Number of protein chains: 2
Amino acid sequence: MSALDGLEVRRTTTAQQLADGLSERIMAGAFGPGDRLRESAIAAELGVARNTIREAVRILELTGLVRYEVNRGAVVIAPTPEKIEALYTARERLETAAIARTPRPEQLKAITTAFDDLREAARTGHGIVDRDLAFHQQIVALLDSTRLDEFFASLTKELRFYLTVLSKSETPEEVVAEHEAIVEAIRLGDRDRAVAEIRAHVDVSVQRLKAMLA
Amino acid sequence: MSALDGLEVRRTTTAQQLADGLSERIMAGAFGPGDRLRESAIAAELGVARNTIREAVRILELTGLVRYEVNRGAVVIAPTPEKIEALYTARERLETAAIARTPRPEQLKAITTAFDDLREAARTGHGIVDRDLAFHQQIVALLDSTRLDEFFASLTKELRFYLTVLSKSETPEEVVAEHEAIVEAIRLGDRDRAVAEIRAHVDVSVQRLKAMLA
DNA sequence: TACAGTTGAACTGTACTACAGTTCGACCCA
DNA sequence: TGGGTCGAACTGTAGTACAGTTCAACTGTA
């Protein structure tokens with residue numbers, strides 16, 4: 001903690017700001033899956049040059065929300081059963097590996113807090129999905145690997161988008177119950193059961209989601 | 001296998017080709033860590049427009065070999081103890097999770113083959129590092145997750161670069177011995193030992209590498 | 001000699017214009 | 001109905017321009 005913490009000159013480029021803005025819009029559903037991001041239109045609307053937009057979109061590509069197709073430009077990613085499956089498989093592997101580890105006290109506390117937040121969100125009915133994902137991020141944090149944390153966050157971002165466009169709604173009671181089982185197993189130090197609970201939870205989630213695609 | 005497998009029209013952009021070319025050059029050590037990629041110079045030398053180079057470099061950014069700094073442009077990543085540590089931690093988590101799984105026959109075969117390749121490379125003295133990394137990629141493949149395979153591949157690419165610039169040379173005997181122990185444990189189905197061997201191997205590797213940084 | 005201040009060349013970030021090649025839907029024709 | 005043609009819209013790339021930033025060299029000063 002330095003006396004200058006948080007003091008920082010605004011150091012960002014136009015393209016970066018555009019990328020952030022576009023990311024928000026996409027996450028909010030302003031562009032649907034499969035939609036093309038037309039450069040001239042966006043450039044004109046936002047009053048910037050087209051090459052700046054191009055740079056912004058290339059930055060966006062880093063987050064995985066869009067991909068480039070030759071001569072078609074940037075296209076918003078679209079959920080397919082295969083992608084959903086691959087995404088959840090990666091999640092399952094990471095989360096089971098994570099939960100098999102013995103949590104340090106502060107990690108256990110972070111998980112507990114995340115669960116409390118989730119329960120509160122379920123009660124009010126707002127932000128359930130985000131709390132759900134945040135909870136799982138804390139699980140993965142058990143791995144003590146920043147690189148894996150970041151990777152999981154990118155998976156989460158992608159998943160978050162899919163959930164939004166599929167307008168997947170979670171039933172609060174089920175969500176809380178399933179996560180409570182996980183937290184309980186962790187608290188008891190029953191790692192085998194924790195692994196089983198996580199696996200079951202992820203499996204159920206992917207099945208529910210894939211059902212929505214059909 | 002269709003009758004048209006492999007038939008494909010050349011569908012790539014100039015920027016993509018430039019990105020591939022630059023990637024090769026960087027991996028080959030043409031640019032050292034911390035070096036800036038000066039746009040005008042590259043553009044002039046290769047006979048393309050500067051904005052095309054910019055696009056190429058943004059694509060390069062996807063692979064993690066360079067990062068952008070405001071008003072300084074693209075900079076080749078540089079190894080630091082922290083980065084090495086983080087990279088190996090992620091590796092260790094993924095590989096131990098992978099090796100704890102029971103391999104299917106074809107997976108066992110792939111691992112065995114990768115080990116044979118490594119041994120052969122050690123004998124001739126060529127391409128040891130690449131075979132080493134390829135072996136570990138096969139280990140991670142046990143997770144049956146394409147997303148994790150891809151993520152691991154990106155870690156590998158980064159690590160490969162660090163090894164090159166640090167001109168890390170591996171002693172063939174040690175390398176073969178350590179990997180043989182891993183393969184043996186897998187073959188015997190002794191997963192606990194396999195996990196221990198992998199962990200030891202990764203730990204030793206990172207220690208060796210970090211020693212070179214000092 | 002050490003150090004603060006100034007200056008200028010090199011370079012990045014962004015804008016603007018231009019155009020060849022590609023895509024894709026609309027229209028047409030058999 | 002299916003294939004073929006056409007044109008508007010758009011991407012990929014080139015090229016020019018310029019304000020703002022960086023950084024190393026130079027200068028002056030204590």
Side-chain angles (χ1 to χ4, degrees), chain A residues 4 7-26 30-78, chain B residues 4 7-26 30-78:
Chain A
L4 295 177
L7 177 60
E8 200 173 339
V9 290
R10 188 168 105 38
R11 181 172 292 285
T12 177
T13 65
T14 306
Q16 182 62 59
Q17 295 174 51
L18 289 170
D20 294 344
L22 285 174
S23 177
E24 268 179 41
R25 302 303 174 90
I26 292 174
F31 295 88
D35 281 3
R36 292 171 60 179
L37 267 49
R38 288 202 191 70
E39 299 167 357
S40 333
I42 298 175
E45 184 163 348
L46 301 181
V48 297
R50 188 156 75 94
N51 49 4
T52 304
I53 291 294
R54 285 199 131 231
E55 278 223 39
V57 175
R58 285 294 184 186
I59 295 173
L60 249 186
E61 204 182 7
L62 287 173
T63 70
L65 281 185
V66 305
R67 73 175 189 292
Y68 260 90
E69 295 181 8
V70 179
N71 286 322
R72 296 194 72 236
V75 179
V76 178
I77 57 173
Chain B
L4 296 177
L7 177 60
E8 200 173 338
V9 290
R10 184 168 107 36
R11 180 171 294 282
T12 176
T13 65
T14 306
Q16 183 63 58
Q17 296 175 50
L18 290 170
D20 294 343
L22 286 174
S23 177
E24 268 180 40
R25 300 304 173 90
I26 293 174
F31 294 88
D35 281 4
R36 292 172 59 179
L37 267 50
R38 289 204 190 69
E39 299 167 357
S40 332
I42 298 175
E45 185 164 349
L46 301 182
V48 297
R50 189 156 75 94
N51 48 5
T52 304
I53 291 294
R54 282 198 134 233
E55 278 224 38
V57 175
R58 285 294 185 187
I59 295 174
L60 248 186
E61 206 182 4
L62 288 173
T63 71
L65 281 185
V66 305
R67 73 176 190 290
Y68 261 89
E69 296 182 7
V70 178
N71 285 322
R72 296 195 72 236
V75 178
V76 178
I77 57 172

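In what follows, chains carry the letters A, B, and so on, assigned in the order in which the sequence lines appear, proteins first and then strands, with residues in each chain numbered from 1. In this text, all values refer to a predicted model and were calculated from it rather than measured experimentally.
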Point to revise | Leu46(B) CG - dT13(D) P separation (whole Å) | key: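 To the nearest whole Å, that distance equals 14 Å.
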
**Study point:** d(CZ, Arg38(B); P, dT21(D)) in whole Å
**Key:**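 Arg38(B) atom CZ is separated from dT21(D) atom P by 19 Å.
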
Point to revise | All pairs passing salt bridge (charged side-chain N to carboxylate O under 4.0 Å, His left out) where residues 40-53 of chain A contributes a residue, at least two apart | key: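 For residues 40-53 of chain A, and leaving out neighbouring residues, the salt bridge (charged side-chain N to carboxylate O under 4.0 Å, His left out) pairs sorted by first residue read Glu39(A)-Arg50(A).
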
Check your understanding: Any salt bridge (charged side-chain N to carboxylate O under 4.0 Å, His left out) pairs touching residues 59-72 of chain B, not counting sequence neighbours?
Key ->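 Output for this query lists Arg58(B)-Glu61(B), Arg67(B)-Glu69(B), Glu69(B)-Arg72(B).
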
Pairs under 3.5 Å (N/O, protein and nucleotides 14-18 of chain D):
residue : atom : partner  : partner atom : Å
dA14(D) : OP2  : Ala49(B) : N            : 3.0
dA14(D) : OP2  : Thr52(B) : OG1          : 2.4
dA14(D) : N7   : Asn51(B) : ND2          : 3.1
dG15(D) : O6   : Asn51(B) : ND2          : 3.4

Review point. Which residues, if any, of residues 56-72 of chain B bring a heavy atom under 4.0 Å of DNA chain D?
Key: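 Per residue number, the list reads Asn71(B), Arg72(B).
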
Please enumerate all residues that pass side-chain hydrogen bond (donor to acceptor under 3.5 Å, both in side chains) together with [X], with sequence neighbours excluded.
{"X": "Asp20(B)", "value": "Gln16(B)"}
{"X": "Asn71(A)", "value": "none"}
{"X": "Thr63(A)", "value": "none"}
{"X": "Arg25(A)", "value": "none"}

Check your understanding: With a non-hydrogen cut-off below 4.0 angstrom, is Ala15(A) in contact with a base, only sugar-phosphate, or nothing?
Key ->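 The answer is sugar-phosphate, as Ala15(A) gets under 4.0 Å only of primed atoms, P, OP1 or OP2.
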
Exercise for review: Check side chain to side chain contact (heavy atoms under 4.5 Å, CB included) between Ala49(A) and all other residues, then give those that pass, not counting sequence neighbours.
Suggested key: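 Here the qualifying residues are Asn51(A), Thr52(A).
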
Check your understanding: Given that both distances must come in under 3.5 Å, which nucleotide forms a Watson-Crick or G-U wobble pair with dA9(C)?
Key ->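 Matched dA9(C) with dT22(D) under the 3.5 Å cut-off.
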
Review point. Going through the distances and angles, do Leu60(A) and Leu37(A) end up as a side chain to side chain contact (heavy atoms under 4.5 Å, CB included)?
Key: CA-CA 11 Å; Leu60(A) 249 186; Leu37(A) 267 49; 4.2 Å; yes

